[in-house]
Participant: 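This is the structure I have questions about; it appears just below.
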Amino acid sequence: MNYWLLKTEPEEYSWDKLEREGRGGWDGVRNFMAARNLRAMKLGDRAFFYHTGDEKRIVGVCEITREAYPDKSDPTGKFVMVDVKPVRKAKTPVTLAEIKADKQFADFVLVRQARLSVMPVSAAHWKTICQRAGLDA
DNA sequence: GCCAACGTTGGC
DNA sequence: GCCAACGTTGGC
């Protein structure tokens with residue numbers, strides 16, 4: 001299984017909304033590197049749900065329920081989206097500040113490429129963050 | 001709230 | 001196919 005991180009503005013699409021609706025489509029990605037990561041996702045892969053903006057923290061874990069397919073919101077047809085469902089909410093959200101302060105995350109894409117919205121997470125980083133968040137890995 | 005950095009688009 | 005210009009994102 002592979003691990004990922006998905007960024008979203010909570011005002012636009014939040015963990016609460018995903019939980020309320022039970023599933024959601026991850027559309028609107030317009031960045032090639034992010035899109036490449038979307039295409040690499042496999043059914044059953046897990047992803048951290050990250051709130052950007054003022055929050056800047058990991059708030060939960062979701063699962064990929066449908067692999068990449070054409071993004072309905074993209075008129076050019078170049079970009080793809082995936083579907084996700086909520087798995088578990090973080091007991092303790094893990095903040096970006098906390099991650100940055102920890103040397104073991106120095107090579108984490110979230111730190112190195114601040115603007116990327118869809119990125120892979122290594123198994124080691126996944127495990128550490130799950131522990132901090134009070135999530136079962 | 002400004003500015004720098006990055007990524008994408010369009011012109012040549 | 002390169003490079004300048006533009007738009008967007010995130011840091012301070």
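A note on names: the letters A, B, ... follow the listed sequences, proteins ahead of strands, and every chain is numbered from 1.
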Participant: Using chain A heavy atoms and a threshold of under 4.0 Å, write down where along DNA chain B the contacts begin and end, 5' to 3'.
Facilitator: B:dA5 to B:dT8

Participant: Is it true that a side-chain atom of A:Asp74 and a backbone atom of A:Phe79 form a donor plus acceptor pair closer than 3.5 Å?
Facilitator: yes

Participant: Could you note down all residue pairs passing salt bridge (charged side-chain N to carboxylate O under 4.0 Å, His left out) where residues 49-69 of chain A supplies at least one of them, sequence neighbours left out?
Facilitator: A:Arg46-A:Glu63, A:Glu55-A:Arg57

Participant: Do you know which two heavy atoms are closest between A:Leu6 and A:Leu38, and how far apart they sit?
Facilitator: CD2-CD2, 4.5 Å

Participant: When you look for runs of 3 or more Watson-Crick or G-U pairs in a row, both distances below 3.5 Å, which of them include DNA chain B?
Facilitator: B:1-12 with C:1-12

Participant: When you compare the side chain of A:Leu96 with that of A:Tyr50, does any pair of heavy atoms fall below 4.5 Å?
Facilitator: yes

Participant: Donor-acceptor pair, A:Ser117 side chain versus A:Lys7 backbone, under 3.5 Å?
Facilitator: no

Participant: So, does A:His51 use its side chain to make a donor-acceptor pair with the main chain of A:Trp15 at under 3.5 Å?
Facilitator: yes

Participant: Of the options A:Phe108, A:Tyr3, A:Trp126, which is the one that meets A:Phe48 in a ring-ring contact (aromatic ring centres under 6.0 Å, His included)?
Facilitator: A:Trp126

